[in-house]
Structure formats: C-alpha cells, structure tokens
Amino acid sequence: MSEFEPKIVAYCCNFCAFAAADLAGAMRIQYAPNVRIILLPCTGKVDALLLMKAFEDGADGVFVAGCMEGECHFVEGNIRAKKRVAYVKRLLEEIGTNPQRVEMFNLSSAMGGRFAEIVEEMTERIKELGPVEADGEKGPVDK
Ligand code: FES
C-alpha cells in the first residue's frame with residue numbers, strides 16, 4: 001500500500017512567505033512537494049470561508065504564512081489572519097475535524113530555509129493525522 005501523501009494549501013503573502021519560497025527554490029533547498037502555494041497581496045486577505053473552502057476542495061491541511069508581526073505592509077493584515085486562523089480552528093473542532101490541520105506562520109522574505117521547514121513540519125503533521133475524511137471516524141479530536 002502506498003504511503004498517504006497529503007494535499008496542503010499554503011496561502012502566502014507576496015512580501016514575505018512567497019518571497020521566502022522563491023528564495024528556497026533559488027537556494028535549491030529541498031522540501032516536500034505536497035504544498036500548493038497561493039499568492040496573496042497580504043494574509044489579511046484570508047477569511048474563514050477561503051480557509052474552509054480549501055478543505056472542501058480536497059486539502060488535508062492548510063497554512064497561512066505572513067510577515068513577521070509588526071512588519072505587515074498593510075499594518076495589521078497578519079494579525080487579522082492570525083485571528084481568522086484561530087477562528088477556523090474552533091470551526092474545525094466543532095465539525096469533528098482536527099484543528100491542527102490549519103496553522104498560521106510568520107516569516108520574513110530572507111527565511112527561505114524556514115519556509116522549507118514549515119512545509120516539512122506541516123507535511124509530517126498532516127501525514128500523522130491522515131486524510132481529512134478520516135477525522136470523523138476517529139471520535140473526539142485532540143487540541
Ligand atoms: Fe505580508 Fe500583510 S503584507 S502579511
């Protein structure tokens with residue numbers, strides 16, 4: 001039987017995480033190929049609907065990667081994103097889906113290595129959790 005390969009969606013800010021992903025590529029840093037990057041002008045653009053839609057469309061895990069706190073080009077977009085991710089964690093829990101499937105990260109454009117680590121971290125986490133469809137079969141979720 002083949003190993004479960006999770007589908008992960010990453011909503012990345014243009015000014016930091018997307019640039020960091022680009023840098024990781026330029027530095028030829030290897031990371032798991034499970035992530036699909038979606039470019040945003042700022043993580044303040046994400047809302048609960050967008051995050052939940054990614055799961056509905058087949059993602060097993062979703063993460064949002066924005067600028068370091070205090071460095072958002074739109075002042076507090078990343079703070080809003082953090083609150084929305086926390087809200088989606090609660091929504092997932094309410095519907096019997098493990099809230100660890102969604103996460104928020106902050107990084108700078110110079111952190112290509114950190115971007116690769118985040119992808120590896122999320123890939124390993126979601127591999128341990130298994131496919132998102134299996135969550136309802138496991139009973140109550142761990143926080
Ligand atoms: Fe990067 Fe707002 S501009 S998170």
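Here the structure is a predicted model, which is why all the values come from computation and not from measurement. Atoms within each ligand, like the ligands themselves, are counted from 1 in listed order. One-based numbering along the sequence shown.
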Atom 1 (Fe) of ligand 1 to nearest N/O/S of Cys16 below 2.8 Å: no

Ile95, CD1: over 12 other non-hydrogen atoms inside 6.0 angstrom: yes

Cys72: numbered ligand 1 atoms lying under 4.0 Å from its heavy atoms: 2 (Fe), 3 (S), 4 (S)

Taking atom 3 (S) of ligand 1 as the reference point, the nearest protein heavy atom with its distance: His73 N, 3.3 Å

Carboxylate-amine/guanidinium contact Arg101 Asp135, below 4.0 Å: yes

Side-chain H-bond candidate by donor/acceptor type, Asn34 with Glu5, under 3.5 Å: yes

Those atoms of ligand 1 less than 4.0 Å from some heavy atom in Thr43: 4 (S)

Lys/Arg N to Asp/Glu carboxylate O, Arg114 vs Glu121, below 4.0 Å: yes

Per-atom contacts, ligand 1 versus Cys42 - under 4.0 Å to a heavy atom: 2 (Fe), 3 (S), 4 (S)

Enumerated ligand 1 atoms positioned under 4.0 Å from heavy atoms of Phe15: 3 (S)

Interatomic distance, Met104 atom CE to Ile79 atom CD1 [nearest 0.5 angstrom]: 8.0 Å

Separation of Lys89 NZ from Asn98 CG (nearest 0.5 Å): 8.5 Å

Ligand 1 versus Cys13: contacting region, heavy-atom distance under 4.0 Å: side chain

